[in-house]
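Structure, as structure tokens:
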Amino acid sequence: MLARVIFFVSVSAAILAVILLATVSPLPKRSHKHSSADYNWVLLSLYVQPNLHDRNTTREGELVSAYVFKHSLTMGPDHGSQVVGTLTGFVLPQKNSLLSSFNIVHLALFDVLGLSGSLCIQVNQVMIGQKRAEQLAIVGGTGSFVFATGNGSIVLMRNARPSVDADSTYQIKLRIGLPDQNPD
């Protein structure tokens, strides 16, 4: 009989403790993990310069299974601008499809606005009416860009002389959200 009383008292005390803790304890702070207020936003405008030394060795009409590229990133649109990084990636094209099956671009930035590291950017092509547009989404990063988020766009710069796409300069506009290093 004594064992039953001790068991009943201990179970009742445990239930009472749980109820009191649930009603008296303060509510936990909500995590604003996806709130833009928790990020320090950086706007970057970089220019992709064509690599004049490496020409595409693919002959006209030859089927390719992958396009591999490596270009320089500069702060300005002309070739003499300061080089701040590299842009590398590859694309696996699909037949009869606007989208490729894999299209991740890697940006290695040496020192831009005191930030250095790399960004992994996913490029999605979408049709807007009759025009094709690229949407950029930051999917990863290293160095100063760890846990970065953001988006961007690619703009073809108009050259003074007519040229082929391989010789064209592109502008990449990025909106990068860096996590706040001092959370409250």
Side-chain angles (χ1 to χ4, degrees), residues 33-34 36 38-59 62-128 131-159 163-181:
K33 187 174 181 181
H34 300 291
S36 64
D38 292 340
Y39 291 99
N40 297 319
W41 292 96
V42 176
L43 300 176
L44 287 180
S45 182
L46 303 171
Y47 296 86
V48 180
Q49 301 292 343
N51 195 349
L52 301 176
H53 302 296
D54 295 336
R55 288 291 176 195
N56 192 354
T57 58
T58 306
R59 291 183 295 273
E62 183 178 341
L63 294 176
V64 292
S65 58
Y67 298 106
V68 180
F69 56 89
K70 181 175 183 177
H71 299 290
S72 298
L73 288 173
T74 62
M75 289 298 285
D78 43 313
H79 292 287
S81 296
Q82 176 187 4
V83 175
V84 294
T86 59
L87 174 87
T88 56
F90 63 94
V91 176
L92 303 173
Q94 292 180 349
K95 291 182 179 180
N96 302 325
S97 175
L98 178 64
L99 291 174
S100 63
S101 58
F102 188 77
N103 45 3
I104 297 289
V105 176
H106 180 259
L107 273 75
L109 300 172
F110 305 136
D111 187 16
V112 179
L113 304 173
L115 303 170
S116 63
S118 65
L119 285 170
C120 230
I121 297 177
Q122 182 178 9
V123 182
N124 295 318
Q125 296 179 350
V126 295
M127 291 297 289
I128 301 174
K131 288 187 171 186
R132 184 173 69 178
E134 286 83 12
Q135 293 177 341
L136 305 179
I138 296 174
V139 294
T142 64
S144 301
F145 303 105
V146 171
F147 303 116
T149 186
N151 54 24
S153 63
I154 299 175
V155 177
L156 173 63
M157 301 299 294
R158 298 292 176 211
N159 294 338
S163 64
V164 296
D165 285 342
D167 294 333
S168 297
T169 300
Y170 291 88
Q171 180 183 21
I172 297 180
K173 296 178 182 179
L174 296 174
R175 182 176 175 256
I176 305 169
L178 302 172
D180 191 9
Q181 298 298 327

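For the pair Leu107/Leu87, a side-chain contact is recorded, criterion being any heavy-atom separation below 4.5 Å from C-beta on. When side chains are defined from C-beta on, Leu115 does not count as touching Leu44, because their heavy atoms never get closer than 4.5 Å.
Within the model, atoms OG of Ser81 and CG of Leu73 stand 11.5 Å from one another, a figure rounded to the nearest 0.5 Å. Expressed to the nearest 0.5 Å, how far CD1 of Ile172 lies from CD1 of Ile154 amounts to 5.5 Å. Of the inter-residue distances, the one linking Ile176 atom CD1 with Leu119 atom CG reads 5.0 Å to the nearest 0.5 angstrom.
In terms of heavy-atom proximity, Phe145 sits nearest to Ser116 at CE1-C, 4.0 Å. When all heavy atoms of Pro179 and Phe147 are compared, the pair lying nearest together is CG-O, 3.3 Å. Nearest heavy atoms, Asp78 versus Gln49: O-NE2, 3.4 Å. The shortest heavy-atom contact between Pro77 and Thr169 is O-CG2, 3.9 Å. Between Ile138 and Thr149, the shortest heavy-atom contact is CD1-O, 4.0 Å. Considering every non-hydrogen atom in both Gln171 and Ser45, the closest pair reads NE2-OG, 2.5 Å.
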Step-by-step side chain to side chain contact (heavy atoms under 4.5 Å, CB included) determination, Thr74 to Val84: CA-CA 5 Å; Thr74 62; Val84 294; 5.8 Å; no
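Under the side-chain contact (heavy atoms from CB on, under 4.5 Å) criterion, Ser118 pairs with His106, Thr142, not counting sequence neighbours.
Between His71 and Phe69, the two ring planes are parallel [angle under 30°; tilted spans 30° to 60°].
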